[in-house]
Amino acid sequence: MASGNAVVVFSVSGCCMCHVVKRLLLGLGVGPTVYELDQELGGREIQAVLAQLLSAPSSSSPSPSTTTTSAAAQMNAAVPAVFVGGKLLGGVEKVMSCHINGSLVPLLKQAGALWL
Ligand SMILES: *[C@@H]1O[C@H](CO)[C@@H](O)[C@H](O)[C@H]1NC(C)=O
């Protein structure tokens with residue numbers, strides 16, 4: 001799914017930061033493919049995978065209670081997840097910092113999401 005388009009955003013409807021990221025990309029002239037995970041078949045599983053990817057250096061979780069509870073707690077950390085050129089760029093903070101230091105646009109051009 002992530003490599004199906006130059007820019008893919010995994011989102012859930014009603015997620016404020018997802019909206020921010022989508023608006024930023026649209027403002028740059030990118031038309032991202034957006035998956036609303038609360039409306040996708042298997043969206044919950046995808047969200048769990050994204051949460052793991054995004055929390056790679058996982059801050060030692062106080063309670064290693066398995067699956068359901070921790071997964072639910074991680075749900076908000078999973079979105080938005082932005083993929084550029086089939087590779088995970090990151091969440092809203094990563095996208096914003098790349099935007100601010102000017103590395104986002106070259107990245108988007110490289111991925112073929114922008115032509116100008
Ligand atoms: C811009 O910031 C991002 C995220 O912190 C970093 O990965 C990237 O290397 C930086 N690029 C430049 C050109 O400083």
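Values below: every heavy atom of this structure, side chains too, minus hydrogens, waters and symmetry copies. Numbers for residues simply follow the sequence, beginning at 1. Ligands are counted one by one from 1 in listed order, and the atoms in each one are counted from 1 as well.
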Self-check item: Set of residues satisfying ring-ring contact (aromatic ring centres under 6.0 Å, His included) with respect to Phe83, sequence neighbours excluded
Solution: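 If we apply the ring-ring contact (aromatic ring centres under 6.0 Å, His included) test to Phe83, skipping adjacent residues, the hits are Phe10.
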Quiz item: Is a side-chain donor-acceptor pair under 3.5 Å present for Glu36 with Ser11?
Solution: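 Yes, a side-chain donor-acceptor pair sits under 3.5 Å.
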Quiz prompt | Expected output: side-chain Asp38 to main-chain Ser13 donor-acceptor under 3.5 Å | solution =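 Yes, Asp38 side chain to Ser13 backbone: donor-acceptor pair under 3.5 Å.
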Exercise. Measure from the side-chain N and O atoms of Gln47 to the backbone N and O of Ala78, and report whether any donor-acceptor pair falls under 3.5 Å.
Key: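 Not a single qualifying donor-acceptor pair exists.
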Could you list each nitrogen or oxygen of ligand 1 that sits under 3.5 Å from a protein nitrogen or oxygen, with the atom names and the distance?
| unit_1 | atom_1 | unit_2 | atom_2 | d |
| --- | --- | --- | --- | --- |
| ligand 1 | 2 (O) | Asn101 | ND2 | 2.3 |
| ligand 1 | 7 (O) | Lys94 | NZ | 2.7 |
| ligand 1 | 11 (N) | Asn101 | ND2 | 3.0 |
| ligand 1 | 14 (O) | Asn101 | ND2 | 3.2 |

Quiz prompt | Within-4.5 Å side-chain heavy-atom neighbours: Leu104 and Leu24 | solution =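 Yes, side chains in contact.
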Practice problem: Run through Val30, Leu114, Val84 and flag the one making a side chain to side chain contact (heavy atoms under 4.5 Å, CB included) with Leu25. | Solution: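 For Leu25, the side chain to side chain contact (heavy atoms under 4.5 Å, CB included) test succeeds with only one of Val30, Leu114, Val84, which is Val30.
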